[in-house]
Amino acid sequence: MVGEENRLRQGLGDAFQGLPFTLLSSTDSTNLRLKEGAREGRFAPPYLLIADAQTRGRGRLGRSFLSPPGTGLYMSLLLRPAPPWNPGQITILAAVAACRAIEEETGLHPAIKWVNDLFLRGKKICGILAEAMGDQVIVGIGINLQTPPGGFPDDLAIAGALDCGADRLRLAGRIAAHLLRGMERLNDPAIVDAYRRRMPLIGRDITYTRDGQQKNARVTGVSEDGGLIIRDATGEKILRTGEVTLGSHSFLGME
Ligand code: BTN
């Protein structure tokens, strides 16, 4: 455990040694635990919770997030952003923080798929679930470090892993440090630029769902608050939530 704590501290760097954290071997969901703890006054922001496994890992849009032991990083950070802020900014920051940490720790270069999935070699290797709670926000990040023995389940064909022997806790520390640093300058346009640079969807034709109907459009950019700017025959729109697929239903990585 001490070795683990040291590696987390290594990742946090000098600036964030004071960040309080808990390491768990297993829990239902680090987002849920942090939310409950914050509500009951047991955790105050900033606080980091990491588990080696989750029995009820939660994803976006009511989905679950596969979180078996020994193969992934499952972490949540409780934050209280300085106003003014909006959830889109936190989402953007979290995706950039996870990319930067993975780049530093592994030398690999994941691509961002709007809103905040990270892809490598055409497979999803990381999901992010940011949940607002009053003036606080819980940023949950799940990264597949290793392909589980026997592979991912058939219904998770999109899933992949870093598969490079990354150090779980040093990576967690680096992610937390990037997030905390970004929180100090949430309105800095450099954060959105860093997001745009890692998002190869820009300039591509996509399909999205609105009012229950599938529609086609071309992605032209990302707004300062994290919306996806698209253009179709009727003009320009900004998507705030949901999911998009490429015309080919595939996703190009950037490695
Ligand atoms: C998604 O891909 O839809 C988002 C997945 C987010 C998973 C992480 S793992 C740590 C944290 N705890 C959860 O229950 N979910 C997030």
Side-chain angles (χ1 to χ4, degrees), residues 8 11 21-39 43 45-79 87-88 90-99 101-102 110-120 122-133 136-146 148 152-153 155-162 166 168-169 171-176 178-179 199 201 209 226 228 239-245 251:
L8 178 64
F21 62 84
T22 300
L23 306 180
L24 299 171
S25 52
S26 181
T27 188
D28 51 359
S29 153
T30 52
N31 267 33
L32 279 181
R33 284 308 110 227
L34 212 45
K35 205 184 281 183
E36 187 186 85
R39 206 174 282 132
F43 300 133
Y47 198 96
L48 174 64
L49 191 59
I50 303 178
D52 186 42
Q54 298 182 119
T55 53
R56 214 150 58 92
R58 285 150 36 90
R60 289 182 64 239
L61 309 173
R63 296 178 187 142
S64 58
F65 189 79
L66 182 74
S67 314
T71 61
L73 165 62
Y74 316 111
M75 62 180 276
S76 300
L77 193 55
L78 176 67
L79 299 165
I90 307 289
T91 294
I92 292 265
L93 171 62
V96 170
C99 279
I102 291 171
I112 299 172
K113 175 174 180 272
W114 186 85
V115 179
N116 49 8
D117 290 340
L118 303 193
F119 274 68
L120 191 71
K123 299 284 188 184
K124 174 171 166 175
I125 51 107
C126 169
I128 300 172
L129 176 64
E131 301 185 273
M133 200 177 77
Q136 304 181 36
V137 62
I138 291 153
V139 182
I141 301 179
I143 301 183
N144 303 326
L145 299 177
Q146 304 291 334
F152 288 98
D155 60 348
L156 268 187
I158 196 65
L162 292 178
R168 188 174 74 98
L169 288 162
L171 179 60
R174 287 187 194 274
I175 295 172
H178 278 296
L179 262 165
M199 208 194 68
L201 272 185
T209 307
L228 191 71
L239 299 184
R240 299 273 169 211
T241 182
E243 256 181 356
V244 300
T245 44
F251 185 75

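Here the structure is a predicted model, which is why all the values come from computation and not from measurement. Counting convention: from 1, in listed order, for ligands and their atoms alike.
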Only heavy atoms of Ile141, strictly under 4.0 Å: list the atoms of ligand 1 that pass. 8 (C), 9 (S), 10 (C)
Nearest-contact summary for atom 6 (C) of ligand 1 - protein heavy atom, Å: Arg58 O, 3.4 Å
If you compare Arg60, Arg63, Lys124, Arg56 by their heavy atoms, the one closest to atom 2 (O) of ligand 1 turns out to be Lys124
Would you mind running through ligand 1 and noting each atom that sits below 4.0 Å from a heavy atom of Gly59? 1 (C), 3 (O), 4 (C), 5 (C)
Numbering as shown, the atoms of ligand 1 that approach Gly57 to under 4.0 Å (heavy-atom distance): 14 (O)
Starting from atom 5 (C) of ligand 1, which protein heavy atom do you reach first, and at what distance in Å? Phe65 CD1, 3.4 Å
Which one of Thr22, Thr27, Leu169, Leu77 satisfies the side-chain contact (heavy atoms from CB on, under 4.5 Å) criterion with Ile50? Leu169
Going by the order shown, which atoms of ligand 1 are within less than 4.0 Å of some heavy atom of Gln54? 9 (S), 10 (C), 11 (C), 12 (N), 13 (C), 14 (O)
Would you check, one step at a time, whether the test salt bridge (Lys or Arg N to Asp or Glu O under 4.0 Å) holds for Lys124 with Glu243? CA-CA 14 Å; Lys124 174 171 166 175; Glu243 256 181 356; 6.0 Å; no
For the residue pair Val96 and His178, establish whether any side-chain heavy-atom pair is separated by less than 4.5 Å. no
Relative to the heavy atoms of Thr30, which atoms of ligand 1 are at a distance of less than 4.0 Å? 10 (C), 11 (C), 12 (N)
Under a plain distance cut-off of 3.5 Å, with no hydrogens placed, do Ser29 and Tyr74 share a side-chain donor-acceptor pair? no
